[in-house]
**Q** 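Okay, here's the structure, questions in a sec.
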Amino acid sequence: MFALRNTARRMIPEWTPGRITLAIVVVTLVAGLLPFVKMSLIVNGVFLGAIIALGAIGLTLIYGVLNFANIAHGDYMTMGAYVALFLLTGLFPTFGIEGEGLGPLTFGYPLLIALPLAAAVVAAGAILLDVAIYRRLRRRGVNAVVLAMASLGVAIALRGLVQVIWSGETQHYPREFRQVFRLPLDVRIPPDSIFIAIVAVVLVVGVYLVLTRTKMGKAMRATADNPNLALVSGIDTQRVIRWNWAIGAGLAATAGVLLAVFQAQLLPIMGWKFLIPLFAAVILGGIGNPYGALVGAFVIGVTSEVSTQWINPSYKPAVAFAIMIVMLLMRPRGIFGDSG
Amino acid sequence: MALLEASRVVAGYGGTEILHGVSVTVDNGEIVTVIGPNGCGKSTLMKAIVGLVKVRTGSVTFRDEDISSQPPERIVRRGLCYVPQSANVFPSLSIRENLEMGAFIRDDDYEGRIAEMFELFPDLAVRPNRKAGSLSGGQRQMLAVARALMLDPVLLLLDEPSAGLSPTMMSMVLERIVDINATGVAFLLVEQNAREALRMSHRGYVLSAGENRLNDAGQALLDNPEVARLYLGG
Amino acid sequence: MEIIGIVNYLVGFAIMAAIYAVFALGLNVHWGFTGLFNIGIAGFFALGAYTSALMTTRPPDPALFEDFKFGGNWSETQFLDLGIDLWFFLGLAAAAVVCGLIALMIGYVTLRLRDDYLAVATLGIAETVRLFFLNEKWAANGSKGLYRIPAFLEGSVSPEHYDYLYLVVVLVVLAILFLAVERAVKSPWGRVLRAIREDEVAAEASGKNVFRFKLQAFIFGAVIMGVGGALFAHNIRFLSPLTFDPLLATFVIWAMLMVGGSGNNRGAILGAFVVWGIWTGTQFLPGIFSDPNFRFFMIGVLIVAVILLRPGGILGEERRITRAADS
């Protein structure tokens with residue numbers, strides 16, 4: 001059974017004076033700093049934000065419906081990236097599906113097949129893990145933190161599994177060197193990033209349509225709002241939870257593949273390291289609010305990229321963490337949540 | 001055979017037992033009200049009937065079938081719907097979406113039913129895309145009842161439908177209940193405003209400390225001096 | 001192998017297991033008694049270790065190409081010597097204080113909010129601490145690490161017997177901490193903590209300032225972890241940011257507490273010895289069992305298995321059923 005929560009979450013912000021003031025302050029700050037910031041960092045931050053968004057939307061949906069922090073979310077990303085690696089370098093070549101350097105992109109058409117397959121495999125895996133672990137715990141009526149604890153165990157096991165199968169060494173997808181697009185203001189865009197942005201936009205629009213136009217999507221929002229009421233309305237919450245895992249983990253796996261393309265490498269720890277920006281985006285946007293997570297992801301992506309103009313780039317996770325802490329101090333329920 | 005028959009229900013939360021063997025019956029087309037002091041187990045009884053709280057011993061029979069160990073979503077399918085006291089709408093969903101969620105298990109076209117609900121509660125039809133979280137208390141209560149009616153239930157359980165409402169709002173909600181009852185829907189109510197509720201009820205039960213105290217016709221309970229003194233405020 | 005070799009190996013093993021037991025005790029205060037979800041033990045581990053190391057290590061020597069700017073050199077300060085190496089205890093205390101202060105800051109921000117915010121915040125602190133010591137070479141020599149960390153009562157016994165001495169020291173510290181935690185959790189204060197863990201709303205309703213109690217417990221646990229970090233630093237005598245990877249500085253400790261029995265101090269200590277025994281013992285096994293990656297995988301499986309199959313661990317919680325077994 002679920003814990004009863006009746007926190008009202010709004011999907012779309014309402015313009016209260018407090019929010020308007022905050023918006024003005026933020027806009028002024030951003031506008032004031034803009035002339036000093038390298039355009040290329042902002043552009044790069046937007047692409048990073050797109051990847052964070054895919055992970056964060058899934059994380060926030062799971063958070064909303066199941067009411068626990070899925071610590072293993074980063075490792076679902078890792079799994080997605082490595083399943084795609086297996087398909088690209090292990091399985092596909094035996095069927096003659098090979099190639100890199102599709103047009104201006106570093107990778108070949110096999111990645112376009114591997115991406116949805118990896119998402120499907122990880123989604124199926126997430127549903128199995130739910131049946132084997134989380135559903136049992138829910139039936140016992142455990143506290144949400146125990147579920148998070150179990151997901152920590154899952155995270156560790158998944159990363160160990162990745163290391164057993166693929167070793168801890170750096171790897172990469174089959175790729176060919178490609179020129180970057182050069183734009184004014186010293187902006188260089190790798191063609192791969194355009195691909196990442198297109199995939200992200202398509203998926204975000206897709207998730208929006210599912211959540212607002214389909215019965216299952218509405219039922220997911222209803223379950224996140226009020227699980228007990230969903231039960232007595234006759235909503236099959238087990239099915240809602242399965243769809244929720246499928247969408248959340250599928251998005252995570254996609255984000256993992258895109259991250260591997262973006263960074264041009266795979267490492268078993270890549271997903272675990274991504275947890276901080278993911279949670280920062282989710283908390284910024286307000287837990288359970290997918291639109292908030294989207295905005296939060298771009299804020300985190302752009303800010304942490306731009307920060308590298310002044311701060312050592314390896315501090316990027318710490319910058320995301322700092323933004324989150326400031327946010328928790330000022331508006332603990334996220335940008336669109338009620339303050340206090 | 002009664003429509004709903006809860007007999008000697010024992011239930012509670014964790015280590016505490018709240019109901020120590022409560023029995024309640026509702027017949028077809030009846031309005032039955034349960035009254036009693038705070039903490040006597042009225043809400044727990046409701047939750048036990050719909051399957052949100054486990055029935056430890058005793059039985060709940062609905063339309064001649066034992067439902068005491070069934071999950072809520074299965075009980076709902078048999079035509080028994082429930083409106084909780086608080087948090088009884090989906091705040092981030094629109095009015096329309098709330099009604100659609102009420103009809104989640106219906107595979108047929110329920111547009112007609114939504115239109116009927118808008119006719120029954122014209123307030124809700126004004127802006128059907130408004131978020132339920134932004135509605136007033138009375139509107140929320142109506143939406144909650146409308147949501148539960150989407151499945152054409154035979155029996156509707158209402159937990160304190162008038163809680164937190166202004167007196168005019170309250171009488172309006174109670175009037176609606178009588179209207180709906182006239183279409184053949186039976187009601188089991190829990191009410192703080194016992195006087196008004198008993199006046200429109202066919203029968204009533206008085207609970208105290210998790211046990212049955214009295215069981216009589218609605219008007220008879222109103223006329224009972226002891227009930228008046230203890231539960232109706234003089 | 002000769003008997004003496006085996007004994008030496010076991011002594012070295014026992015020192016590490018006992019240091020891990022200190023961390024498991026600290027985590028028990030967080031999770032076992034209060035339900036605080038700290039997944040950044042590595043942060044407190046590193047802070048404690050670096051604090052004590054920096055306070056006691058000699059100042060940097062240009063001839064050794066050392067980049068850090070400050071070494072407290074307490075180990076050679078006459079005032080702190082008195083023939084009993086008083087500096088060692090001051091190093092432990094400094095580690096405890098620093099960890100306590102960081103816990104105060106993190107706890108103050110997050111403990112009023114949802115339970116799981118603390119998890120994210122501790123994760124962030126662990127990563128920030130690691131990045132700080134990696135990038136700020138002036139602070140602790142960056143990735144080259146600190147390698148002249150002094151040992152307690154060095155020279156009072158012959159080097160080949162030193163481990164026996166340090167084992168006694170670690171066991172004494174462990175015993176003191178064990179008694180302190182036992183006393184604390186059996187006091188009225190500890191009963192409030194358990195009440196909070198079982199039902200926060202009810203504890204709040206009965207007039208308890210839940211936030212204050214959680215904050216106190218969080219600081220208490222972090223202080224213990226700081227001491228553990230300091231004990232570790234003076235045992236290994238070499239620290240680099242790579243020492244504190246999440247596996248050996250966070251995950252293993254979680255496995256220890258869960259296996260031993262969260263909410264039970266004896267269980268925490270037992271779990272530390274059992275899991276460390278499995279961890280180090282399996283390296284002698286043939287095939288996949290000695291593969292560190294496979295053992296990594298098994299740590300995760302172990303945690304999930306304990307939660308699912310035996311939520312109370314080996315010993316279970318004393319006098320009470322665990323909340324996971326409630327339904």
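Below, read A as the first sequence line, B as the second, and so on, with proteins coming before strands; counting in each chain starts at 1.
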**Q** A side-chain contact here means heavy atoms from C-beta on lying under 4.5 Å apart; do A:I165 and C:F297 qualify?
**A** no

**Q** Heavy-atom pairs under 4.5 Å with chain C are the metric here; pick the option from A:A155, A:S314, A:A150, A:P268 that has the most.
**A** A:S314

**Q** Roughly how far apart are C:F294 CZ and A:L161 CG, rounded to 0.5 Å?
**A** 9.5 Å

**Q** Using a cut-off of under 4.5 Å for heavy-atom pairs, which of C:V304, C:L302, C:N135, C:I125 has the most such pairs with chain A?
**A** C:N135

**Q** How many angstroms lie between CD1 in A:I71 and CD1 in C:I39, if you round to the nearest 0.5 Å?
**A** 4.0 Å

**Q** Hey, could you give me the CG/CG distance between C:L113 and A:L328, rounded to the nearest 0.5 Å?
**A** 5.5 Å

**Q** Please look at A:I325 and chain C and tell me whether the side chain, the backbone, both or neither of the residue comes under 4.5 angstrom of a heavy atom of that chain.
**A** both

**Q** Flag the pair A:N143 / C:F37 as yes when at least one side-chain heavy-atom distance between them is below 4.5 Å, and no otherwise.
**A** no

**Q** As an exercise, state the distance from CG of C:D116 to CE of A:M149, rounded to the nearest 0.5 Å.
**A** 13.5 Å

**Q** Which region of C:Y108, side chain (C-beta onward) or backbone (N, CA, C, O), has a non-hydrogen atom less than 4.5 Å from a non-hydrogen atom of chain A, or is it both or neither?
**A** neither

**Q** Minimum heavy-atom separation for C:I307 to A:R140, with atom names?
**A** O-NH1, 3.0 Å

**Q** With the side chain counted from C-beta on, respond yes when C:E127 and A:F321 share a heavy-atom pair under 4.5 Å apart, and no when they do not.
**A** no

**Q** Tell me whether the centres of the aromatic rings in C:F296 and A:W272 are closer together than 6.0 Å.
**A** no

**Q** Under a 4.5 Å heavy-atom cutoff, which of A:L329, A:L152, A:L158 has the most pairs with chain C?
**A** A:L152

**Q** At a heavy-atom distance under 4.5 Å, which candidate from A:L137, A:L275, A:V162 has the highest pair count against chain C?
**A** A:L137

**Q** When rounded to the nearest 0.5 angstrom, what is the spacing between CG in C:L308 and CD1 in A:I133?
**A** 6.0 Å

**Q** Is the shortest side-chain heavy-atom distance between A:P317 and C:L131 below 4.5 Å?
**A** yes

**Q** Might you point out which heavy atoms bring A:V145 and C:G35 nearest each other, and give the distance in Å?
**A** CG1-O, 4.5 Å

**Q** Could you look at A:I269 and say if it's the side chain, the backbone, both or neither that has a heavy atom under 4.5 Å from chain C?
**A** neither

**Q** Can you tell which part of A:A132 gets under 4.5 Å to a heavy atom of chain C, answering side chain, backbone, both or neither?
**A** backbone

**Q** Heavy-atom pairs under 4.5 Å with chain A - which of C:I106, C:I303, C:L134 has more of them than the others?
**A** C:I303

**Q** Look at C:T128, C:V120, C:D291 and state which one has the largest set of heavy-atom pairs under 4.5 Å with chain A.
**A** C:V120

